Amino acid sequence: MQVTDNLSDFAAADCETFATSVVRRPDGTKRQLSCQIHTRPDGQTLMVVHPADFAHWIERRFEISPASLKTTFDRGAPEPKKRG
């Protein structure tokens with residue numbers, strides 16, 4: 001997993017991207033955050049997430065995995081299951 005504010009640096013044409021949350025910038029404008037799932041040909045994955053989302057997910061004890069991100073942020077999907 002990569003946690004970064006530079007989400008656009010990791011965006012690639014072949015990654016899956018999901019809108020996650022909206023945050024307010026210091027100047028009052030809003031920013032749509034997203035997460036990305038990159039899958040290699042051998043099936044290994046890399047999740048790229050924003051620090052604000054990551055902190056929120058850890059605080060709420062969400063399972064952070066490619067499957068739970070897809071389930072949660074794909075339109076109409078249920079909440080991810082909680083850990084422990």
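What you see is a predicted model, and the numbers here were worked out from it, not measured in a lab.
- Residue Phe54 is grouped with residue Ile37 when hydrophobic side chains (ILVMFWY) are merged at heavy-atom distances under 4.5 angstrom, including chains of intermediate members.
- A heavy-atom distance below 4.5 Å is not found between the side chains of Arg31 and Thr29.
- When hydrophobic clusters are built by joining Ile, Leu, Val, Met, Phe, Trp and Tyr residues whose side-chain heavy atoms come closer than 4.5 Å, directly or via intermediates, Phe10 is not grouped with Met47.
- Under the 30°/60° scheme for interplanar angles, the aromatic rings of Phe73 and Trp57 are found to be tilted.
- Although no hydrogens or angles enter the test, the distance criterion places a donor-acceptor pair under 3.5 Å between the side chain of Gln36 and the main chain of Leu7.
- Residues Gln32 and Ser21 approach most closely at NE2-O, 3.1 Å, considering heavy atoms.
- To the nearest 0.5 angstrom, Leu33 atom CG is 8.0 Å from Asp5 atom CG.
- Under the 4.0 Å criterion applied to side-chain N and carboxylate O atoms, Asp42 and Arg40 are assigned as salt-bridge partners.
- Residues Phe18 and Met1 share a single hydrophobic cluster, defined by chaining ILVMFWY side chains whose heavy atoms lie under 4.5 Å apart.
- No path of Ile, Leu, Val, Met, Phe, Trp and Tyr side chains, each step under 4.5 Å between heavy atoms, connects Val3 with Leu46, placing them in separate hydrophobic clusters.
- The shortest distance between side-chain heavy atoms of Thr20 and His50 does not fall below 4.5 Å.
- Contact detail for Lys30 and Arg25: the closest heavy-atom pair is O-NH1, 3.4 Å.
- For the pair Ile64 and Ile58, the minimum side-chain heavy-atom distance is below 4.5 Å.
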